[in-house]
Amino acid sequence: GAGVSQTPSNKVTEKGKYVELRCDPISGHTALYWYRQSLGQGPEFLIYFQGTGAADDSGLPNDRFFAVRPEGSVSTLKIQRTERGDSAVYLCASSPGPGGTGELFFGEGSRLTVL
Amino acid sequence: GENVEQHPSTLSVQEGDSAVIKCTYSDSASNYFPWYKQELGKRPQLIIDIRSNVGEKKDQRIAVTLNKTAKHFSLHITETQPEDSAVYFCAALDSGTYKYIFGTGTRLKVLA
């Protein structure tokens, strides 16, 4: 695919359930970011991967949130024991990485609704 | 850590007029400042960017200026058109952490 792909596009779940959101970055991009965007707000940084490792996870709000990128390509954001306040659009973005142009390429996002 | 503030939160202009959106940042280590446009229900898309070694950059009707001393940068859109209506986000990249911090967004409405 030509762009960043995110699945599912929409997820409705009940409070307390476990959720996984998937991001497939642009091929060859070493940097991958997860952001959370609430209605009327800017993207809020969650975590940044350079290759397989989480270079900065300082934006994860608490230990219910976890993300992995085991082979340096696809990434999964995992949310345990979901709460209504987790409802938001979760955006993934990729970039060529250090030394690249700096442009972030965003996916269409996964809209999470926790009932 | 870096903090980016953006103003105004909403902006209405008449078609053909200019629009200016301003952002300030806190971390002097930031060296890359992109602007993204997000239409309703769509992904953010880069429209213009500037690096810290440049004071101004222009691309047709869009320009960005950077004042490193004051730590602020601005987006200028001239001859606005209805299709410019969207939410615009500024961001700053910390060169040490590679973390992009976004502003809270400006909803631009161009009135025909």
Side-chain angles (χ1 to χ4, degrees), chain A residues 1-7 9-10 23-26 29-51 53-60 67 69 88-111, chain B residues 1-10 21 23-25 27 29-54 57 59 64 66 73 75 86-108:
Chain A
V4 177
S5 176
Q6 290 188 246
T7 54
S9 56
N10 256 297
C23 173
D24 200 340
I26 292 173
H29 281 191
T30 60
L32 185 147
Y33 297 78
W34 283 100
Y35 285 85
R36 178 168 69 176
Q37 188 173 29
S38 300
L39 194 63
Q41 299 295 314
E44 174 194 3
F45 172 82
L46 296 178
I47 186 168
Y48 155 56
F49 288 90
Q50 180 55 43
D56 190 326
D57 65 358
S58 61
L60 294 178
R69 195 186 185 198
V89 175
Y90 288 82
L91 292 168
C92 175
S94 71
S95 173
T101 62
E103 179 177 356
L104 282 182
F105 295 83
F106 282 91
E108 294 281 1
S110 292
R111 180 177 297 278
Chain B
E2 177 64 277
N3 182 52
V4 176
E5 294 190 358
Q6 182 171 349
H7 300 280
S9 56
T10 60
I21 303 170
C23 288
T24 60
Y25 62 99
D27 192 344
S30 293
N31 66 351
Y32 172 70
F33 307 92
W35 286 88
Y36 284 80
K37 176 183 180 182
Q38 187 175 31
E39 297 177 0
L40 192 62
K42 302 287 188 182
R43 71 186 80 194
Q45 292 195 299
L46 180 74
I47 55 170
I48 196 167
D49 55 13
I50 192 167
R51 296 195 178 274
S52 58
N53 58 347
V54 175
K57 183 177 177 181
D59 183 3
V64 56
L66 171 65
F73 56 113
L75 176 71
V87 180
Y88 292 81
F89 294 99
C90 62
L93 172 63
D94 185 310
S95 61
T97 65
Y98 282 93
K99 186 190 300 187
Y100 294 76
I101 301 300
F102 283 80
T104 49
T106 296
R107 181 173 299 280
L108 174 65

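Note that the coordinates shown come from a computational prediction; the quantities given were computed from them, not determined experimentally. Just so we're on the same page: letters track the sequence lines, and every chain starts at 1.
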Asks: Please list, chain by chain and in numerical order, all residues satisfying side-chain contact (heavy atoms from CB on, under 4.5 Å) with N10(A), sequence neighbours excluded.
Replies: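 N10(A): side-chain contact (heavy atoms from CB on, under 4.5 Å) contacts with R111(A).
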Asks: If you take all heavy atoms of F89(B) and Q37(A), which pair is closest and at what distance?
Replies: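 The pair with the smallest heavy-atom distance is CZ-NE2, 3.3 Å.
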Asks: With side chains defined as the heavy atoms from C-beta onward, is the minimum distance between F45(A) and E2(B) less than 4.5 Å?
Replies: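 F45(A) does not reach E2(B) side chain to side chain.
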Asks: Might you point out which heavy atoms bring V4(A) and R43(B) nearest each other, and give the distance in Å?
Replies: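 Scanning both residues completely, I find the closest heavy atoms to be O-NH1, 3.8 Å.
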Asks: Where on Q38(B) is there a heavy atom nearer than 4.5 Å to chain A: the side chain, the backbone, both, or neither?
Replies: side chain
Asks: Less than 4.5 Å apart, any side-chain heavy atom of K42(B) and any of F106(A)?
Replies: no
Asks: Kindly write out the residues that satisfy ring-ring contact (aromatic ring centres under 6.0 Å, His included) with Y33(A), not counting sequence neighbours, or none if the list is empty.
Replies: Y48(A), Y100(B)
Asks: Below 4.5 Å from any heavy atom of chain A, which atoms of P34(B) appear? Answer side chain, backbone, both or neither.
Replies: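 Looking at P34(B), nothing touches chain A.
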Asks: Can you see which heavy atom on K99(B) is nearest to which on S58(A), and at what distance?
Replies: NZ-OG, 2.8 Å
Asks: Name the option with the most non-hydrogen atom pairs under 4.5 Å to chain B; the candidates are A31(A), G59(A), G107(A), A93(A).
Replies: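 When all of A31(A), G59(A), G107(A), A93(A) are compared, G107(A) has the most.
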Asks: Can you tell me how far OH of Y35(A) sits from CZ of F102(B), rounded to the nearest 0.5 angstrom?
Replies: 5.0 Å
